[in-house]
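Taking it in order: structure first as C-alpha cells, then the write-up.
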Amino acid sequence: MKIEGHTHTELCPHGNGDSTAQMIERAIKLGFDEYHITEHAPLPTDFIRAYSGDPKNVATASLQWDQLADYFSLANRLKEKYQNKIKITIGFEVDYLEDYEKQISSFLRKISSVTENNIISVHYLKNKNGDYFGIDYSPDELKAGFSADLINGQDLYFRYFKTILKSVTAFADCDMPGKIGHMSLIKKYQDYFALPTNFSASNMALINQILTVAQNKQLKIDFNTTGLYKSYCNDIYPGKQIIDFARQKEIQFEFGSDAHSIREVGHGYHLFEYL
C-alpha cells in the first residue's frame, strides 16, 4: 500500500489555505492508495493562557475548538467524494503537553469513535524553569526558551526525548494515537545552532526506551520528509540513527509528507522506498 500518512487541511492556520480537495487530487495522481487527514488538534485553553513563548505560535498552531465541526464536515465530505478513487481516513495530530494529560485524555476519548488514524507529537517543551516554549516555530523562540540547553545540544535532545517518552506512556486509560509524529523534530534548527549530528549514548538509551514502548504497543513511526525542505534541518524525521534502531526492533514506519499545501503532498516519497 502506498500511504500518505500525515497531512493537513485548508483549515490549518499556519498552512497556505490550499484546497484539501486539490491536495487529495495530487495524491491520487501520484498513485497513493490511502490518504490520512491528520489536522492539528485544538490546544488546551489553559495551556494557551499559560504559554511563555511567542503568542503568535499558539495562536496559529492548531484548529480552534469551535472549528471541530467544520473539520469533520470537510473531511467526511471529501472521504465520501473520493471513496472510489482513494481511501481517506480522518484523524488528528495531537500535541502531548506535560501537566495537561487529563485534558488530552478527555479529547482522545471523545474522538475515539470518529477517527481512524491519530498521531502523537511534541511541539512544545518545558524549560528548566518550568515554562513552556515551542521548539519548531522559530530559532528565536527556541533560543529564548532553551538557551542553557543549547550550550550543549545533547541536553536539549535529552529534554525532548524525555518528553517523547512521557507522550507514549501517559495515556493508559484511553486509546492513544497509533503513531509517533516526526520523532526528531528537535533537530529542525540543527544547522542554525550547529547542533550535534548524532545523539549521545544517554540519548540513545532514552530512544531505546521509547522504541521499546512503541514495539510493545505496536505504535508506528512517522517517516516524515518535511525536514528535508526546512532551511536549517535538511534531514528527514526521525533520521538515520532512529531509523536503524527501529528497524532492528521491527517497528513499522509510515510515510508522511506533513503536507500543508498541494505541492508538498508526497514530497520525498521515493526516499522512503529506498530506505
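Just so it is clear, the model here is predicted, and its values are computed rather than measured. Sequential numbering from 1 along the given sequence is applied to the chain's residues.
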Would you check, one step at a time, whether the test side chain to side chain contact (heavy atoms under 4.5 Å, CB included) holds for Leu97 with Leu43? CA-CA 9 Å; Leu97 301 162; Leu43 295 169; 4.3 Å; yes

For Tyr232, does the OH atom have more than 12 heavy-atom neighbours from other residues, nucleotides or ligands under 6.0 Å away?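 No, because the 6.0 Å sphere around OH of Tyr232 holds 12 heavy atoms or fewer from other groups.
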
For the [atom1] atom of [X] and the [atom2] atom of [Y], what is their distance to the nearest 0.5 Å?
X	Y	atom1	atom2	value
Thr225	Ile236	OG1	CD1	8.5 Å
Lys126	Arg159	NZ	CZ	10.5 Å
Asp222	Glu254	CG	CD	8.0 Å
Ile242	Ile207	CD1	CD1	4.0 Å
Ile186	Ile164	CD1	CD1	9.0 Å
Asp191	Lys230	CG	NZ	14.0 Å

Would the distance check show the side chain of [X] and the main-chain N or O of [Y] forming a donor-acceptor pair, the cut-off being under 3.5 Å?
X	Y	value
Tyr51	Gly134	yes
Ser106	Gln103	no
Lys2	Leu30	yes

After noting the C-alpha distance and the side-chain angles of Asp258 and Tyr237, does the key distance pass the side chain to side chain contact (heavy atoms under 4.5 Å, CB included) rule? CA-CA 11 Å; Asp258 208 343; Tyr237 308 127; 5.9 Å; no

Which is it for Cys233 and Gln190 under the side chain to side chain contact (heavy atoms under 4.5 Å, CB included) test, yes or no, and what are the steps along the way? CA-CA 6 Å; Cys233 181; Gln190 62 178 347; 4.2 Å; yes

Identified side-chain hydrogen bond (donor to acceptor under 3.5 Å, both in side chains) partner of His6 from the options His182, His36, Lys179, Glu93: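 The side-chain hydrogen bond (donor to acceptor under 3.5 Å, both in side chains) with His6 is passed solely by Glu93 among His182, His36, Lys179, Glu93.
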
Residue of the set Thr115, Asn117, Thr38 for which side-chain hydrogen bond (donor to acceptor under 3.5 Å, both in side chains) holds with Thr89: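 Testing Thr89 for a side-chain hydrogen bond (donor to acceptor under 3.5 Å, both in side chains) against Thr115, Asn117, Thr38 leaves exactly one candidate, Asn117.
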
Could you go through Trp65 and Phe107, starting from their C-alpha distance and side-chain angles, then the distance that decides it, and tell me whether this counts as side chain to side chain contact (heavy atoms under 4.5 Å, CB included)? CA-CA 11 Å; Trp65 288 100; Phe107 178 75; 3.8 Å; yes

How about Ser138 and Glu141: does a side-chain donor come under 3.5 Å of a side-chain acceptor?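 Side chains of Ser138 and Glu141: no pair found under 3.5 Å.
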
Which pairs with one or both residues in residues 22-32 pass side chain to side chain donor-acceptor pair (under 3.5 Å), sequence neighbours excluded?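 The answer is Glu25-Tyr82.
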
Side-chain contact test, heavy atoms from C-beta onward, threshold under 4.5 Å: evaluate it for Thr212 versus Lys249 and give yes or no.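 The answer is yes, as the side chains (C-beta and beyond) meet within the 4.5 Å cut-off.
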
Side-chain heavy-atom pair Thr45, Arg49 within 4.5 angstrom cut-off: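 Of all side-chain heavy-atom pairs linking Arg49 with Thr45, at least one is under 4.5 Å.
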
Are [X] and [Y] near enough that their ring centres are under 6.0 Å apart?
X	Y	answer
Tyr160	Tyr157	no
Tyr132	Tyr124	no
Tyr96	Phe47	no

Does the Lys NZ or Arg CZ of Lys85 fall within the cation-pi geometry relative to Tyr35 - under 6.0 Å from the ring centre and within 45° of the axis?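 Cation-pi check for Lys85 and Tyr35: fails.
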
